[in-house]
Amino acid sequence: MRLKLIQHIMPLVAMLLLTVFVIVERVGITRNNIELTKVYDFEKTERIGFTDSVEGEKDTVILVDSSVKINSNYEKDINRVLHDFKVNYDIFDVANGNLPDNINDYNKAILAFSNLKVFNGESMKALLEWVRLGGNLMSMASFEPENNFSICYDKFGIISYGSQNSIVNTLTVKDNYMIGGSETYKIDNSSILCLELSLAKEARVIIESDKGIPILWENNYGDGTFVCINMNVYGKGYRGIFGTAYSLLGDYMVYPVINGSSFYIDDYPLPILEENNQYITKDYGVNVETFYTDIWLKDVFSWEQEYGIIHTGFLVENYDRYMTAPFNVTADTKMFKYLGNTFLNRGNELGWHGFNHMPLCLKGFDYQGLYDSYELWESKEDMAGAVKAMYDFGKELFPKQDFAVYVPPSNVISKEGREVLAENVPGLKAIAASYWEGNCVYEQEFEVGDYGLINTPRITSGCNLASDDYMSAFSELNYHFVQTHFTHPDDALDPDRGALEGWESLDNQFRRYLDYLKAAAPDIRNLCGSDMAEAVKRFDNLSVKTYREGSNIHISLGGFCDEAYLLIRLNDDKLAGNDDFDINNSKEEVINGGSMKAVARNLYLIHAEKPELIIER
């Protein structure tokens with residue numbers, strides 16, 4: 001009798017357990033409950049503080065030619081590169097044809113223009129003699145054939161040159177001298193040109209074009225060095241090349257970096273309607289909600305598991321046009337909780353995207369006809385009410401989240417909006433907008449911005465990355481040693497972002513980018529958005545002073561908190577193992593006060609654990 005009773009009860013128990021499991025899964029309590037492992041503690045950072053700054057020797061002069069308007073673009077780029085490298089430098093305008101009288105006070109000089117005809121004959125001879133006696137000269141753009149160039153081109157390592165320019169279709173790094181050097185980078189811009197030329201065998205080529213034309217090289221001349229960029233390009237997407245060129249000047253170069261990779265998902269969690277989408281229905285035969293919960297989210301978590309990345313999602317409550325109080329909660333919170341908790345339980349993080357999807361811009365802000373669906377706020381009080389409602393909504397759903405990072409809708413936010421955020425959102429540390437200039441967008445650099453909010457711009461976006469995205473990623477790995485990327489849940493629904501190709505194709509394309517990043521920078525740190533903010537804060541505060549004592553290199557760091565990251569380029573090839581460089585088998589080198597490991601040929605990532613470091617050689 002008891003056996004029969006058990007036989008009848010067991011199926012009921014099994015069904016009950018299955019029901020409980022499904023309910024538990026739907027509220028986001030998974031069997032693999034993973035806590036977010038934070039690298040940095042905000043409160044600890046404030047408590048420790050930063051050491052006093054240090055000032056390095058002023059050994060660099062930027063030579064500019066104000067007589068040609070386009071040259072201001074080169075000047076702008078190299079100014080920012082040296083600012084981020086924490087280099088102390090002077091600027092001298094050579095438009096009158098003369099060199100600075102104190103040129104011998106400098107060890108490094110940069111030509112932020114392309115035409116040497118600006119120099120008079122005596123100045124040209126003096127500049128070449130300065131290099132021969134030990135100076136280091138960097139040229140930022142393709143030389144223009146003219147008289148001064150024709151009488152000294154061989155000093156740059158050039159043995160012949162043509163009378164016309166060639167389109168640069170691709171860039172290939174030679175011998176792994178740069179991070180990500182195993183890839184060929186396509187240039188989708190037919191206006192980027194280089195001078196057709198060939199070099200002496202003694203010159204060392206760092207980058208060449210698809211036609212084998214040298215794009216970046218160095219050549220010894222007497223006791224000095226020429227470093228030349230043979231490409232008429234400027235802009236943020238190429239700063240990594242400018243920085244690499246500068247790092248080749250002299251015996252060594254040390255500069256601070258961020259060392260971080262962050263992946264953002266805008267509009268997540270989001271209100272999902274049980275509606276159909278033609279692209280999803282065609283490929284999967286399900287509605288949008290089922291696609292997100294059963295297909296898209298599964299693939300996102302697969303990226304995390306296979307590549308070790310951490311996601312930061314950005315909560316948006318609704319897509320309505322509530323622009324005045326009261327800002328009441330109207331959303332069904334069940335799906336928010338499910339999506340958010342499932343996301344958080346895998347060790348991810350949430351930030352803010354908005355009470356609604358309206359940029360924080362007051363009446364009078366010009367959207368330039370780009371965002372017809374966006375409205376403008378009547379007052380700062382209305383904006384403040386909306387962000388307070390945003391805060392209350394998020395903290396009620398996910399009370400343990402810090403919500404330290406804000407992403408502006410469409411990367412658009414006004415100065416007044418930033419002020420409202422700083423004054424009304426407790427715990428907010430950073431704004432992650434756009435790295436790139438554009439109509440209306442909040443263009444950022446990696447730095448501490450106004451109102452004390454840290455700028456952590458996003459560099460690339462989407463799942464179907466274009467050639468320019470890979471070029472930008474390559475540049476930033478070599479410049480800030482940073483990677484920031486964002487996607488949207490609705491990438492698969494929007495034909496402008498790849499929906500016509502289908503989600504399976506988008507997933508595969510994005511995995512190619514993740515494979516590229518893993519191969520290019522296997523040692524880069526995977527950071528959530530708030531840790532990226534803290535990493536940028538440390539980078540921005542840092543100052544660097546170096547000097548040699550015998551063969552040893554001493555590094556002093558100002559603005560030091562608890563740790564710092566730097567890259568050092570060693571140009572005299574004296575560290576063991578460099579001839580057989582392999583990024584996957586590179587060994588760590590000994591440094592007092594921290595550690596260092598090769599990330600490219602002659603290029604090492606330093607983890608500073610103390611403000612004073614010594615590389616013994």
A.B. asks: Who pairs with Asp267 by salt bridge (charged side-chain N to carboxylate O under 4.0 Å, His left out), at least two apart in sequence or on another chain?
C.D. replies: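 Once residues adjacent in sequence are excluded, Asp267 has no partner under the salt bridge (charged side-chain N to carboxylate O under 4.0 Å, His left out) criterion.
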A.B. asks: Any carboxylate oxygen within less than 4.0 angstrom of a Lys/Arg side-chain nitrogen, looking at Asp266 and Arg458?
C.D. replies: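 Yes, Asp266 and Arg458 are salt-bridged.
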A.B. asks: Give a yes or no on whether the backbone of Gly308 and the side-chain of Asn526 come within a donor-acceptor separation of less than 3.5 Å.
C.D. replies: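 Pair found, side chain donor or acceptor close to backbone of Gly308.
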A.B. asks: Quick one: does Val599's side chain get under 4.5 Å of Leu567's, heavy atoms only?
C.D. replies: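 When only atoms from C-beta onward are counted, Leu567 and Val599 do touch, with a gap below 4.5 Å.
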A.B. asks: Below 4.5 Å, heavy atoms only, C-beta onward: do Tyr238 and Ile192 meet side chain to side chain?
C.D. replies: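 Contact flag for Tyr238/Ile192 side chains = yes.
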A.B. asks: For Ala564 and Leu557, which heavy atoms make the closest approach, and how far apart are they?
C.D. replies: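 The answer is CB-CD1, 4.2 Å.
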A.B. asks: Under the rule for side-chain contact (heavy atoms from CB on, under 4.5 Å), what residues qualify as partners of Asn165, not counting sequence neighbours?
C.D. replies: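 Only Leu193, Leu195 meet the side-chain contact (heavy atoms from CB on, under 4.5 Å) criterion with Asn165.
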A.B. asks: Please report the closest heavy-atom contact between Val227 and Leu249, naming both atoms and the distance.
C.D. replies: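 Closest approach of Val227 to Leu249, heavy atoms only: CG2-CD2, 3.6 Å.
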A.B. asks: Of all heavy-atom pairs between Asn455 and Gly449, which one has the smallest distance, and what is that distance?
C.D. replies: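 Reported closest heavy-atom pair: ND2-CA, 3.7 Å.
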A.B. asks: So, taking the atom named OG in Ser472 and the one named CD in Gln483, what distance separates them when rounded to the nearest 0.5 Å?
C.D. replies: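 Spacing of OG (Ser472) from CD (Gln483) equals 11.0 Å.
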A.B. asks: Is there a donor-acceptor contact under 3.5 Å linking the side chains of Lys211 and Ser166?
C.D. replies: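 Yes - a donor-acceptor pair under 3.5 Å links their side chains.
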A.B. asks: Show the numbers, then the answer: is there a ring-ring contact (aromatic ring centres under 6.0 Å, His included) between Trp352 and Phe403?
C.D. replies: CA-CA 6 Å; Trp352 302 116; Phe403 289 99; 4.0 Å; yes
A.B. asks: Take Phe343 and Tyr268 through the test ring-ring contact (aromatic ring centres under 6.0 Å, His included) and record every step on the way to the result.
C.D. replies: CA-CA 9 Å; Phe343 188 73; Tyr268 185 89; 4.9 Å; yes
A.B. asks: Verify whether the ring centers belonging to Phe539 and Phe446 lie closer than 6.0 Å.
C.D. replies: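 For Phe539 and Phe446, the ring centres are not under 6.0 Å apart.
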A.B. asks: Any heavy-atom pair between the side chains of Lys597 and Asp523 that's under 4.5 Å?
C.D. replies: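 Yes - at least one pair of side-chain heavy atoms lies under 4.5 Å apart.
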A.B. asks: Could you work out, with ring pair (Phe, Tyr, Trp, His ring centres under 6.0 Å) as the rule, every residue matching Tyr234, not counting sequence neighbours?
C.D. replies: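 Partners of Tyr234 by the ring pair (Phe, Tyr, Trp, His ring centres under 6.0 Å) criterion, ordered by chain and then number, come out as Tyr74.
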A.B. asks: Check this for me: does any side-chain nitrogen of one of Arg538 and Asp562 sit under 4.0 Å from a carboxylate oxygen of the other?
C.D. replies: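 Yes, this pair counts.
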A.B. asks: As a quick check of understanding, evaluate ring-ring contact (aromatic ring centres under 6.0 Å, His included) for Phe510 and Trp303, giving each step before the final call.
C.D. replies: CA-CA 9 Å; Phe510 189 57; Trp303 302 338; 4.5 Å; yes
A.B. asks: For the residue pair Asn169 and Asp210, confirm or rule out a side-chain donor-acceptor distance under 3.5 Å.
C.D. replies: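 The answer is yes; a qualifying pair exists.
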A.B. asks: With no hydrogens and no angle check, do the side chains of Thr45 and Lys537 hold a donor and an acceptor under 3.5 Å apart?
C.D. replies: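 Judged by distance alone, the side chains do not pair up.
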A.B. asks: Would you say His607's side chain and Tyr565's backbone share a donor-acceptor pair under 3.5 angstrom?
C.D. replies: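 No: the side chain of His607 does not pair with the backbone of Tyr565.
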A.B. asks: Under 6.0 Å between ring centres, would you say that holds for Phe314 and Tyr264?
C.D. replies: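 Centroid separation for Phe314 and Tyr264: below 6.0 Å.
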A.B. asks: State whether Arg497 and Asp491 are salt-bridged, where the test is any N-O pair (Lys NZ or Arg NE/NH1/NH2 against Asp/Glu carboxylate O) under 4.0 Å.
C.D. replies: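 Result for this pair is yes, salt bridge flagged.
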A.B. asks: Should the pair Arg80-Glu75 be classified as a salt bridge under the 4.0 Å nitrogen-to-oxygen rule?
C.D. replies: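 Salt bridge flag = no for Glu75 with Arg80.
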A.B. asks: With side chain to side chain contact (heavy atoms under 4.5 Å, CB included) as the test, would you mind laying out the steps for Leu605 and Val257 before giving the verdict?
C.D. replies: CA-CA 9 Å; Leu605 176 67; Val257 292; 4.0 Å; yes
A.B. asks: Does Lys236 come within less than 4.0 Å of Glu437, counting only side-chain N to carboxylate O?
C.D. replies: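 A salt bridge is absent here (no side-chain N lies under 4.0 Å from a carboxylate O).
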A.B. asks: Hey, mind stepping through Tyr470 and Tyr185 against ring-ring contact (aromatic ring centres under 6.0 Å, His included) and telling me if it holds?
C.D. replies: CA-CA 7 Å; Tyr470 280 90; Tyr185 298 91; 7.6 Å; no
A.B. asks: Glu563 vs Arg525, test: salt bridge (Lys or Arg N to Asp or Glu O under 4.0 Å). Steps then yes/no.
C.D. replies: CA-CA 14 Å; Glu563 66 173 357; Arg525 297 183 298 171; 3.4 Å; yes
A.B. asks: If only atom types and distance count, is the side chain of Ser475 paired as donor or acceptor with the main-chain N or O of Met471 below 3.5 Å?
C.D. replies: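 Here the side-chain-to-backbone pair does not exist.
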A.B. asks: May I ask you to test the Ile454-Glu447 pair for a side-chain heavy-atom distance under 4.5 Å?
C.D. replies: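 Not touching, per the 4.5 Å side-chain cut-off.
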A.B. asks: Check this for me: does any side-chain nitrogen of one of Arg511 and Glu306 sit under 4.0 Å from a carboxylate oxygen of the other?
C.D. replies: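 Result for this pair is yes, salt bridge flagged.
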A.B. asks: So does Glu445 pair up with Arg239, basic N to acidic O under 4.0 Å?
C.D. replies: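 Salt bridge: yes.
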A.B. asks: Starting at NZ of Lys518, measure out to CD1 of Ile524 and round the result to the nearest 0.5 Å.
C.D. replies: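 Separation between the atoms: 14.5 Å.
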A.B. asks: So, for Thr456 and Ala533, which heavy atoms are closest and what is the spacing to 0.1 Å?
C.D. replies: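 Residues Thr456 and Ala533, closest heavy atoms: CG2-CA, 3.6 Å.
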A.B. asks: So, do Val544 and Phe85 sit near enough that their side-chain heavy atoms are less than 4.5 Å apart?
C.D. replies: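 When only atoms from C-beta onward are counted, Phe85 and Val544 do not touch, as no gap falls below 4.5 Å.
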A.B. asks: Within 45° of the six-membered ring axis of Tyr177 and under 6.0 Å from that ring's centre, is NZ or CZ of Arg569 located there?
C.D. replies: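 No, cation not above the ring by the 6.0 Å, 45° rule.
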A.B. asks: Do the charged groups of Glu304 and Arg346 touch, with an N to O distance under 4.0 Å?
C.D. replies: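 A salt bridge is present here (some side-chain N lies under 4.0 Å from a carboxylate O).
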